[in-house]
Amino acid sequence: MRSHRLHSLRRQDVGKTVELNGWANKVRNLGKMVFVDLRDRWGITQVVLDPATIPIASQLRAEWVIAISGEVIARPTNMVRKDIATGEIEVSATTCQVISEAAELPFPIADGSKIEPSDTTRFTYRYLDLRRAKLKENIIARSTLTRLFRQEFENHDFLDIETPMLYKSTPEGAQEFIVPSRVQAGNFYALPQSPQVFKQLLMIAGFDRYYQIVKTFRDEDLRADRQPEFTQIDCEMSFVDQEQVLETIEAIVQKVLQQYLPDYQPTPFMRLTYDDAMQHYGSDKPDLRYDLRLHRLDAKDFVDGIPDALVAEEAGELVVIAARSCAEKYSRKRLDALQSLFMQAGGKRLAWCKVLADEWKTSIRGGISAATQAVLRTKLALQTGDMLFIGLGASPVLLTAMGTVRQHLAVELELTDPSQFKWAWITDFPLFERNDAGELASMHHPFTMPREQDLPLLGVQPLEAKAQAHDLVLNGVEVAGGSIRIHRPDVQAQVFTALGLSQQEIDSKFGFLLQALRYGTPPHGGIAFGFDRLVMLLTGNSSIREVIAFPKTYKGTCLMTSSPSPLAQELLAPYHIKSLVKPP
RNA sequence: GGGGACGUAGUUAAGCUGGUUAUAACGCCGGCCUGUCACGCCGGAGGCCGCGGGUUCAAAUCCCGUCGUUCCCGCCA
């Protein structure tokens, strides 16, 4: 029986007889003596074996699972390793039993190797990748954060209630995963994109506060921060206004951060309206670790008139970003790259100026007059060595295009310190937006409550209406989103109507919700965290695959289990499905 | 759906303006080694150069297609 885990033995344990189990992280065979770094989830302990008494010692290889018994001894003084917790001792083995041999490894598990396996290799042998320190620590950190969030939600009287995985198709949102019913011929469930409607029904049922750490599913194309199945921390509260939701959630997050990050100094989350975020940062999820603010320029900023190069054919507006001390960093090539980035994002032209001591260098034909330079210097607090990026285009695309430039500049100028955490609430989102077909669509979802004062706008100027919706943004990533929900059936009906749904559609899709709202519904609202993204940021990773034990590839496949896989027609038949694709 | 990068021993890479037997490191196998911790030294094995087609006297190398991994845009109520 194992007597100790592999992180725990210290100098004061010298003389103890111990039995240790684990993986041979590293084997160093010196002929007449063999050193094995024994590893488990908790740490590493060095074992020294004498092949003269333990012949198997010279056969040991990396990643074999072994059990040894022996005596804890102090390392010779000059052999003490200060960088390892157990570095003062080692275990002199008296027995060694091989529990399980390991085949030749596709990549080294132990730290310190220069060889970094490719993604394909890592995915194929995910269980081995998970043995490596980095991924292992990410998964442990995730477990810690799960525990801390659970504790805090429980402390705030939230009830953990499960909602169905086999749900109903609601095709308004993301592409869904569908599940054929065997019993109900020709009918389908859908996997939930969110437990949205169920948590509202739980509020109607009177549970008052609900939370759930739960998988949700979206059959969309993947990204570094998107997986087809991902984990939400979903929650909902009754008898609250938006301010109370924000305060409660912020308190929970702050408490979790204090327990998770040892040096965390809690500062209140910043508050920004959607309009301010767009105007100042060109994004509804601005990264606030750096300033690089967007400023409007107009005719009065140009003493001698706006240079021809900055006058658009049609309605043109000008937005400028002043970047500090980077005039020397921007070569022609980098500027061209920025320019094409800006154009791709929908901007018309991106000009630049280098603020130099004597004469400004600029891409603007004819240059910038001394008088205008003086105005800009004051307006933007310019110093020699700064650089201006002036974007020409039409709102609102100009703002988002400049937001893209801003983000790109920050990366190039190394302003994105991953150890820094800048949180912000974004509020007052538009209730609706126009989709590609020019139709009205919910920006958040159709159960979002408009601001009280905007209710009269629903029938007349719906695009002007703002929602009681809120996103939580961390370092430029949307980590949570939610809203106050509609608790009045008449308002809900108005929103459905504004969205152009017929009475028949409303009844078939959301009839049960409208019905439920009629039986005494408390005002309620909540939020859902993208837990994978949150863990990714808090662990300093740039892909959520690094914090998910068994993620999917970019194409949504699993290289380890080879899923998804074709099903023969006879296996599909019970589900009343006929495949149009011939299995390979 | 669109655009970019990558694919060569078990692994990670070099080779790519075509030309002898495809190179290195780590790993693996054998030998030596009592204080290693990226142990060291000596020797060895290991290749459908992703796959298919084309150009050529000759293709890892050039061209076309395809598959896979990845990053971005679209998409993600």
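Residue numbers start from 1 in every chain, and the chains themselves are labelled A, B, ... in the order their sequence lines are given, proteins ahead of strands. All heavy atoms count here, side chains included; hydrogens, waters and symmetry mates do not.
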Closest-nucleotide mapping onto RNA chain B: is K285(A) or T553(A) further toward the 5' terminus? I mean the 5' end. T553(A)
Counting the atoms with a prime plus P, OP1 and OP2 as sugar-phosphate, which does K114(A) contact under 4.0 Å by heavy atoms, base, sugar-phosphate, or nothing? base
Under 4.0 angstrom between R61(A) side-chain N/O and rC29(B) OP1 or OP2: yes
What nucleic acid atoms does F447(A) come within less than 4.0 Å of, heavy atoms only: base, sugar-phosphate, or nothing? nothing
What's the closest nucleotide to the side chain of R75(A) if the choices are rG30(B), rG10(B), rG35(B)? rG35(B)
Could you tell me whether N29(A) contacts a base, only the sugar-phosphate backbone, or nothing, with contacts defined as non-hydrogen atoms closer than 4.0 Å? base
Which listed nucleotide (rU69(B), rU12(B), rG35(B)) is nearest to the side chain of S118(A)? rU12(B)
Which part of the nucleic acid, if any, lies within contact of N435(A), taking any heavy atom under 4.0 Å across all strands shown: a base, the sugar-phosphate backbone alone, or nothing? nothing
Kindly say if R28(A) contacts the phosphate of rU36(B), meaning a side-chain N or O under 4.0 Å from OP1 or OP2. no
Ignoring backbone atoms, test whether T121(A) places a side-chain nitrogen or oxygen under 4.0 Å from the OP1 or OP2 oxygen of rU12(B). yes
For the backbone of G403(A) and the side chain of T400(A), can you confirm whether one donor and one acceptor N or O come within less than 3.5 Å of each other? no
May I have all residue pairs that pass salt bridge (charged side-chain N to carboxylate O under 4.0 Å, His left out) and include part of residues 52-67 of chain A, sequence neighbours excluded? R39(A)-E63(A), E63(A)-R131(A)
Which part of the nucleic acid, if any, lies within reach of Q196(A) when heavy atoms closer than 4.0 Å are counted: base, sugar-phosphate only, or nothing? base
Kindly state each residue pair satisfying side-chain hydrogen bond (donor to acceptor under 3.5 Å, both in side chains) with at least one member in residues 194-204 of chain A, sequence neighbours excluded. Q196(A)-Q200(A), Q196(A)-H445(A), K199(A)-D234(A), K199(A)-E236(A), Q200(A)-H524(A)
Sugar-phosphate only, base, or nothing, as touched by A224(A) at under 4.0 Å among non-hydrogen atoms: sugar-phosphate
Looking across every strand, which nucleic acid part, if any, lies under 4.0 Å from E478(A) by heavy atom: base, sugar-phosphate, or nothing? nothing
5'-most contact on RNA chain B: D221(A) or R545(A), nearest heavy atom basis? R545(A)
Candidate nucleotides rC33(B), rC37(B), rG68(B), ranked by approach to the side chain of K555(A) - the nearest: rG68(B)
Does Y554(A) place a side-chain N or O at less than 4.0 Å from the phosphate oxygens OP1/OP2 of rC72(B)? yes
Salt bridge (Lys or Arg N to Asp or Glu O under 4.0 Å) between R132(A) and E116(A), intermediate numbers included: CA-CA 11 Å; R132(A) 302 201 302 159; E116(A) 177 59 27; 3.2 Å; yes
For K466(A), is there an ion pair with D275(A) - N to carboxylate O distance below 4.0 angstrom? yes
Just to be sure I understand the rule, does Q46(A) reach a base, reach only the sugar-phosphate, or reach nothing, if contact means heavy atoms closer than 4.0 Å? base
Base, sugar-phosphate alone, or nothing: which one does T448(A) contact when heavy atoms must sit under 4.0 Å apart? nothing
Under 4.0 angstrom, heavy atoms only, what part of the nucleic acid is A174(A) near: base, sugar-phosphate, or nothing? sugar-phosphate
Ignoring backbone atoms, establish whether K26(A) has a side-chain N or O less than 4.0 Å from OP1 or OP2 of rU36(B). no
